[in-house]
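What follows is a set of notes on a single structure, which appears directly below.
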Amino acid sequence: MNFLLRITSLLWLLLMAALGSTTLASCGSSDSQNQTAGQTAADSSTATTVAGPQPLLDSTQVIKAFQAEPKFKPQLLPARRFYRERGFRLGWFKDHQPVARVKTLEDIIAKAGNEGLNPKDYQVKDVSKMLAELEKVRGDSVRRNALERQVDIALTGTYMKWANDYYRGVANPHDKKDTSWLVKPNKIKLNKALLTFLGERKSRYNYYEFAPLHPEYDQLKKALATYRAQERAGGWPTLPATLNLKPGATSPAVAALRKRLLDSAGGAAASAPAPAPTQPGSPAAAAPAAQVYDPELVQAVKLFQQDAGLKPTGIVSGETLKQLNVPIGTRIDQLILNMERWRWLPKKFEPNYLLVNIPEFTLHVIEANKEAFNMRVIVGKVLHETPVFSDKMEYVVLAPYWNVPFSIIDNELREKLVANPNYLDRLDMEVVKGYGRKATVVDPASVDWANVTQETFKYTLRRRPGPKNDLGDVKFIFPNSNDIYLHDTPHDELFSQSNRSFSHGCVRLSEPIKLATYLLRDRPEWNQATILDSIATRHEKYITLKEKLPVYLVYFTAWADAAGHPHFRDDIYGLDKKLAREYFD
């Protein structure tokens, strides 16, 4: 009996323990549900408890959906990778509720115009309507799951369409193998970016908040916002086409000039000094104050001229007048096109590099992510354009030879050499066979100049180092298929021009010795004195850089400072016009 009682008691205790465990488990589930509900409430204001597991997608569903929508189709590969990496789980739902990032994406697309993009390009699917339909079928798990899959794919397609345009560009030249822009590209992986956006992956790049990759892009964006506000306020006035205004003069057009520069978004970057008092009896004193071209306005004109890359003379005529009369809508388009070009560049530059902005006619030397110095340059003229590309500098060459292109032999020298082969001595030139140290001089009279062709000319015609040399005292080589390099020039007078497109494609430097000294700063044996001594010997000397330095030759006709104040340059090669046709159409 006692044994039976003990067994009965033991069974009773086990039963109570089991019931207690069930109760605890139930409490735990309740807590878990409360946490989920709290999370869902954070993710969606229409959170409700929905039974059943979250549906999965499969590869076929993703492929069919992306192929069926032309605007999504280009992003099929990253979309497949995104879903495959997550085991085909939905990305935009949690516990059958849309996550908070759905609203974030909607807000970003609504503000696409701030980026120079068109919101309609990303409203491919009416996601709001689809989500409203989803609320109506909550009780039908089959229809609910099917619609959740459709919404999820639509959101992924929308994100990738937007992110591709925002981070890689609407008219990315690499997609179309456009050889007019051969700078190394931005290699963003959209599937990884989406995981970062959804908070499922960390990245050094701020995809989570759609921050721009480059501060220069953000500065142009500030300028765009300011110029659009000015456009809404009526733009700026047009000045008379025949205006020729000098400091101190009077003109009825002064009022319009003042409004253009001091009362508009396209005005001066800084305030000018207070105008000097007008002397009694002077012409200005006799004219209405509003018509006097006073010192304050002169200073504003000079600042405008600097922003446009012109000489700051303060005289309003010619090129200055032309730039003042560029319509505000044209400037807005110019800002947008140059924002687009920043999307084509690598996500991040190296800490140290050289950047030549072709329309600016300027070389920027960047060290530790900051500009160390810059200098004026001469670039290729139209029909001999300096190409847009990137490479790495490897050599500094002191006292270089200049190899004469065969086109110059054919078009400029042939007849003179046929008449007198020794004409080369006047030009300080020589004919050689072979290359480098193994090159041997050839008697020019032994060459059949009358019949030679580019295919049959087996020699090199070169100008010796010295003051007549077209490359000056130094050249900087970054080996490339375009045979483009940076170099000195004996024609320093050209650097005083505002428009400096004079070369056959290579980039001429205003301060080559300064650049050579800088690039060789980690070679103690090569300081400015030893560089100049080597040049004076007139013997070509190749010096290999210890570290290859990235070189970017780019094309920006607009940029802005940290405050969003813009600078503009002429579209010297017509690349803005070409891009505008593709971007805006």
Side-chain angles (χ1 to χ4, degrees), residues 116 167-176 178-187 212-221 223 309 334-367 369-382 384-393 476 478 480-482 484-486 499-501 503 505-509 515 548-561 566-580 582-583:
Y167 286 120
R168 295 187 65 255
V170 174
N172 192 312
H174 298 98
D175 293 340
K176 298 184 178 181
D178 184 350
T179 57
S180 66
W181 184 282
L182 294 176
V183 180
K184 62 182 182 179
N186 173 357
K187 295 182 179 180
L213 297 174
H214 298 283
E216 294 87 349
Y217 175 96
D218 201 41
Q219 289 159 199
L220 282 169
K221 181 179 174 180
Q334 195 171 351
L335 292 169
I336 291 171
L337 294 176
N338 285 276
M339 289 169 68
E340 166 75 358
R341 289 192 177 108
W342 275 105
R343 300 176 184 127
W344 302 346
L345 292 170
K347 293 192 291 290
K348 188 177 183 180
F349 287 115
E350 299 82 354
N352 305 319
Y353 60 93
L354 304 180
L355 186 145
V356 175
N357 185 13
I358 296 168
E360 187 188 5
F361 309 111
T362 301
L363 164 69
H364 300 270
V365 179
I366 309 299
E367 181 178 358
N369 298 309
K370 294 182 179 180
E371 183 169 271
F373 59 92
N374 62 61
M375 67 181 67
R376 289 169 293 167
V377 304
I378 291 169
V379 300
K381 53 191 172 184
V382 178
H384 294 282
E385 300 172 3
T386 298
V388 179
F389 72 105
S390 59
D391 217 300
K392 290 190 176 181
M393 184 172 292
F476 305 86
F478 41 106
N480 59 85
S481 60
N482 297 296
I484 296 296
Y485 42 85
L486 312 182
N499 185 316
R500 296 188 291 275
S501 53
S503 82
C506 287
V507 178
R508 306 175 192 172
L509 306 175
L515 181 61
K548 294 180 180 180
L549 186 67
V551 181
Y552 295 90
L553 280 71
V554 295
Y555 193 93
F556 287 104
T557 60
W559 62 94
D561 61 22
H567 301 249
F568 296 101
R569 294 295 186 273
D570 281 342
D571 181 21
I572 57 174
Y573 296 160
L575 298 187
D576 276 5
K577 291 181 180 178
K578 177 183 175 183
L579 177 58
E582 185 173 356
Y583 190 94

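As the structure is a prediction and not an experimental result, all values here were calculated from the model.
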NZ of K578 to CG of D571, rounded to nearest 0.5 Å, is 11.5 Å
Smallest heavy-atom separation, W344 atom then A171 atom, equals CZ2-O, 3.3 Å
Is a side-chain donor or acceptor of S503 paired with a backbone partner of V379 at a separation under 3.5 angstrom?
-> yes
Give a yes-or-no answer on whether the side chains of Y555 and D576 include a donor-acceptor pair shorter than 3.5 Å.
-> no
Set of side chain to side chain contact (heavy atoms under 4.5 Å, CB included) partners for K184, sequence neighbours left out = P346, E350, S390, Y552
Applying side chain to side chain contact (heavy atoms under 4.5 Å, CB included), name anything that partners E367, two or more places apart in sequence or on another chain.
-> N352, A372, Y518, R521
Heavy atoms of G116 and Y583 approach each other most closely as O-OH, 2.7 Å
If you count the non-hydrogen atoms of other residues, nucleotides and ligands that lie under 6.0 Å from NZ in K347, is the total more than 12?
-> yes
Please identify each residue that fulfils ring pair (Phe, Tyr, Trp, His ring centres under 6.0 Å) with Y485, with sequence neighbours left out.
-> H487
On a heavy-atom basis, the closest approach of T179 and L182 is O-CG, 3.6 Å
Atom pair CG (L354) and NE2 (H364), whose distance is rounded to the nearest 0.5 Å = 11.0 Å
Does a side-chain heavy-atom distance below 4.5 Å link V377 with L509?
-> yes
Exercise: identify the closest heavy-atom pair between F361 and S501 | CE2-N, 3.7 Å
Here the gap from M375 atom CE to L486 atom CG, rounded to the nearest 0.5 Å, amounts to 9.5 Å
Validation row: R569, N357 side chains within 4.5 angstrom (heavy atoms) = no
Student check: side-chain heavy atoms of R341 and T557 closer than 4.5 Å | yes
When rounded to the nearest 0.5 angstrom, what is the spacing between CD in Q219 and CG in L335?
-> 12.5 Å
Mind listing the closest non-hydrogen atom pair of L553 and V388 along with its distance?
-> O-CG1, 3.1 Å
Under 3.5 Å donor-acceptor, Y167 side chain and N186 backbone = no
Provide the closest heavy-atom pair for P359 versus I572 in the form atom of the first, atom of the second, distance.
-> CA-CD1, 4.2 Å
Where the side chain of E340 meets the backbone of V170, is there a donor-acceptor pair that is under 3.5 Å apart?
-> yes
Do side-chain atoms of T386 reach the backbone of G505 as a donor and acceptor pair under 3.5 angstrom?
-> yes
Between atom CZ of F556 and atom CG of L337, what is the distance when rounded to the nearest 0.5 Å?
-> 11.5 Å
Does a side-chain heavy-atom distance below 4.5 Å link L363 with V507?
-> no
Calculate, to the nearest 0.5 Å, the distance between atoms CG and CZ belonging to L345 and R343 respectively.
-> 11.5 Å
Can you sort out the partners of R168 under side chain to side chain contact (heavy atoms under 4.5 Å, CB included), two or more places apart, ordered by chain and number?
-> N164, N172, D175, I188
Student check: side-chain heavy atoms of L575 and W181 closer than 4.5 Å = no
Are side-chain heavy atoms of E360 and W559 found at a separation under 4.5 Å?
-> yes
Who passes side chain to side chain contact (heavy atoms under 4.5 Å, CB included) against N480, sequence neighbours left out?
-> F389, D391, F478, N482, I484
Residues forming a ring pair (Phe, Tyr, Trp, His ring centres under 6.0 Å) with H214, sequence neighbours excluded | W342, F349
